[in-house]
Peer 1: 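The structure under discussion is supplied below as structure tokens; questions concerning it will follow.
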Amino acid sequence: MTTLMMILGIVVFAVGLLFSIAWHELGHLSTAKLFGIRVPQYMVGFGPTIFSRKKGDTEYGIKAIPLGGYIRMIGMFPPGPDGRLEARSTSPWRGMIEDARSAAFEELKPGDETRLFYTRKPWKRVIVMFAGPFMNLILAVAIFLGVMMTFGISTQTTTVGKVSDCVIQQSENRTKCEKGDTVAPAKAAGLKLGDKIVGFQGQPIDDWSALQGKIRETIGPATITVERDGKQVDLQANLIKNQVSKTDGEGGYVEGKYVSAGFLGFTPATGVVQQGFGDSVSRMGDMMENGVESLIALPSKIPDLWDAAFGDGDRKQDSPMGVVGAARVGGEVFTLDIPPENQIAMMLFLVAGFNLSLFLFNMLPLLPLDGGHIAGALWESVRRKAAKLLKRPDPGPFDVAKLMPVAYVVAGIFICFTILVLIADVVNPVRIS
């Protein structure tokens with residue numbers, strides 16, 4: 001049964017992945033057609049074609065390897081300085097440029113001269129290339145907000161999940177009480193498992209982060225109001241100073257960092273809590289910020305990834321993860337002993353996270369990514385406006401094809417990184433903790 005649920009989870013994630021790719025390419029396709037650019041192909045996947053059908057000027061299809069997708073637009077690059085579409089050079093770098101330029105004009109038909117990508121104004125080309133990643137961003141935001149506002153998210157609450165028996169500095173490598181340890185203030189005050197803290201020092205409390213902050217600010221006597229068996233009970237506690245884990249300001253902890261602060265001595269219970277629109281938007285903003293930081297930190301994680309793949313290093317929870325690893329996590333989600341609605345919510349979050357990553361990654365200003373084409377179009381706009389302002393001849397379209405040697409190097413680095421992540425995902429995968 002577990003194996004069957006694992007397979008089902010992988011299949012569901014694969015469907016979500018294919019939809020995300022098709023959705024991304026739909027953004028490019030719809031805007032390209034809107035601006036009159038001819039698009040010969042719209043494909044989901046790579047490799048051999050499994051299914052295709054032609055409608056109008058475009059062939060729509062699905063390919064065998066579901067690791068990406070593409071649309072082909074006529075005239076992605078302008079002709080060379082001599083106006084020719086095809087030429088050959090003995091220089092391998094120059095050959096890359098000429099091959100890219102030639103491929104951009106494949107299947108050129110009479111009348112296509114007015115339907116070429118490079119002939120469109122820079123702002124239109126920016127929209128066409130931005131539309132793909134933007135579709136992923138829309139999908140990510142819609143899923144995140146939808147799940148948080150309707151189902152909720154797992155978060156720490158003000159309900160007591162566990163009461164500590166004694167006071168232990170959190171920097172100590174032990175969890176059991178020893179002779180001479182001081183009784184925890186929460187236990188001494190009579191706090192019990194299942195109590196819901198609704199007030200602290202006479203002020204209403206309904207948020208764990210706020211309660212945590214008030215506890216840490218207090219050393220000495222404190223009145224704690226709890227809801228127990230439908231009644232409110234005031235407990236008198238004497239909070240003490242203790243060494244505790246440093247917080248991130250949102251109720252979470254910073255690993256390996258400690259501070260001296262007020263200590264009560266209980267662990268909050270975790271529950272699924274619906275979020276309002278404002279809180280959901282705020283959390284979505286935090287996810288975006290964390291995503292950007294993770295993307296910037298990607299090179300620094302390569303050594304740990306290498307150790308996890310080829311050495312005896314542990315695979316960290318924030319380690320980069322590829323499609324195979326994400327599919328495996330998707331399979332594990334369906335094997336967890338949790339309610340079905342929780343499984344669905346976790347799967348949706350996984351797909352939303354994948355879409356957010358697609359948006360951020362594709363916005364990097366590097367060819368062959370969408371961001372590289374956007375940067376080229378913006379640079380062309382700057383050049384042309386500067387020439388007009390200085391009353392100089394129009395420099396014409398910016399020849400992005402000249403950057404193809406750099407694009408091949410970037411693509412090579414991406415491929416090597418993808419292979420490294422794939423190996424790590426197979427031999428030492430990230431698992432749900």
Side-chain angles (χ1 to χ4, degrees), residues 16-17 20-21 23-24 27-28 68 126-127 129-149 153-155 209 246-257 275 277-305 308 315-323 325-326 329 346 348-379 406-407 409-411 413-418 420-421 424-425 430:
L17 172 66
S20 301
I21 294 169
W23 184 249
H24 174 104
H28 291 312
V126 168
I127 290 176
M129 300 313 298
F130 179 69
F134 186 61
M135 294 289 272
N136 292 124
L137 179 62
I138 290 174
L139 187 58
V141 171
I143 294 176
F144 278 134
L145 294 184
V147 172
M148 285 189 284
M149 294 177 65
I153 59 173
S154 179
T155 186
S209 182
K246 184 178 180 181
T247 65
D248 58 8
E250 299 175 359
Y253 300 104
V254 180
E255 186 177 356
K257 301 290 184 180
Q275 306 294 301
F277 179 75
D279 290 337
S280 298
V281 171
S282 177
R283 286 181 179 272
M284 185 69 214
D286 293 338
M287 291 176 187
M288 287 283 292
E289 184 179 345
N290 292 336
V292 172
E293 291 174 353
S294 297
L295 193 60
I296 294 172
L298 207 56
S300 66
K301 296 181 180 180
I302 292 178
D304 288 339
L305 195 61
R315 188 78 183 273
K316 297 182 178 180
Q317 287 295 310
D318 63 348
S319 174
M321 185 169 57
V323 173
V329 169
M346 289 182 69
L348 287 172
F349 256 76
L350 187 63
V351 173
F354 175 78
N355 276 272
L356 182 59
S357 298
L358 270 181
F359 168 75
L360 295 174
F361 185 70
N362 272 288
M363 290 310 296
L364 290 174
L366 300 170
L367 286 175
L369 301 176
D370 296 328
H373 290 282
I374 292 172
L378 292 175
W379 174 241
V406 177
V409 172
V410 172
I413 294 173
F414 287 162
I415 290 171
C416 291
F417 181 74
T418 300
L420 176 60
V421 172
D425 283 343
V430 174

Peer 1: With a 4.5 Å limit on heavy-atom distance, are the side chains of Val410 and Leu367 in contact?
Peer 2: no

Peer 1: Side-chain contact, heavy-atom cut-off 4.5 Å: Leu364 with Leu295?
Peer 2: yes

Peer 1: Which atom pair, heavy atoms only, marks the closest approach of Val351 to Ile143?
Peer 2: CG1-CD1, 4.3 Å

Peer 1: Would you name the heavy atoms of Asn136 and Ser20 that are closest together and state the gap between them?
Peer 2: ND2-O, 3.4 Å

Peer 1: Which atom pair, heavy atoms only, marks the closest approach of Ala131 to Gly27?
Peer 2: CB-O, 3.2 Å

Peer 1: Is any side-chain heavy atom of Val126 closer than 4.5 Å to one of Leu378?
Peer 2: yes

Peer 1: For the pair Asn355 and Leu137, evaluate side chain to side chain contact (heavy atoms under 4.5 Å, CB included) and give the outcome as yes or no after the intermediate values.
Peer 2: CA-CA 6 Å; Asn355 276 272; Leu137 179 62; over 6 Å; no

Peer 1: Check for a donor-acceptor pair, side chain of Thr418 on one end and backbone N or O of Phe414 on the other, with a separation under 3.5 Å.
Peer 2: yes

Peer 1: Hey, are the side chains of Met148 and Asp279 touching, using non-hydrogen atoms and a 4.5 Å cut-off?
Peer 2: no

Peer 1: In sequence, state the C-alpha distance, the side-chain angles, and the governing distance for Val141 and Met288, and then conclude on side chain to side chain contact (heavy atoms under 4.5 Å, CB included).
Peer 2: CA-CA 10 Å; Val141 171; Met288 287 283 292; over 6 Å; no

Peer 1: Atom CZ of Phe417 and atom CG of Leu298: how far apart are they, to the nearest 0.5 Å?
Peer 2: 4.0 Å

Peer 1: Without swapping roles, check the side chain of Asp425 against the backbone of Gly325 for a donor-acceptor pair under 3.5 Å.
Peer 2: yes

Peer 1: Could you measure the distance from the CG atom of Leu358 to the NE2 atom of His24? Nearest 0.5 Å is fine.
Peer 2: 7.0 Å

Peer 1: Do Phe359 and Phe134 have their ring centres less than 6.0 Å from each other?
Peer 2: no

Peer 1: So, taking the atom named CE in Met321 and the one named CG in Leu350, what distance separates them when rounded to the nearest 0.5 Å?
Peer 2: 6.0 Å

Peer 1: Might you point out which heavy atoms bring Ser300 and Pro303 nearest each other, and give the distance in Å?
Peer 2: O-CD, 3.4 Å

Peer 1: Who passes side chain to side chain donor-acceptor pair (under 3.5 Å) against Asp304, sequence neighbours left out?
Peer 2: Lys316

Peer 1: Search all heavy atoms of Val323 against all heavy atoms of Phe354 and return the closest pair with its distance.
Peer 2: CG2-CE1, 4.3 Å

Peer 1: Can you tell me how far CE of Met129 sits from CG of Leu369, rounded to the nearest 0.5 angstrom?
Peer 2: 9.5 Å

Peer 1: Mind running side chain to side chain contact (heavy atoms under 4.5 Å, CB included) on Val421 and Leu305 for me, showing each step along the way?
Peer 2: CA-CA 7 Å; Val421 172; Leu305 195 61; 3.5 Å; yes

Peer 1: Determine whether Gln275 and Phe144 make a side-chain contact, defined as any pair of heavy atoms from C-beta on separated by less than 4.5 Å.
Peer 2: no

Peer 1: To the nearest 0.5 Å, how far apart are CZ in Phe130 and CG in Asn362?
Peer 2: 11.0 Å

Peer 1: What are the two closest heavy atoms between Ala352 and Ala140, and how far apart are they?
Peer 2: O-CB, 3.5 Å

Peer 1: Contact between Asp370 and Met363 at the side-chain level, heavy atoms closer than 4.5 Å - yes or no?
Peer 2: no

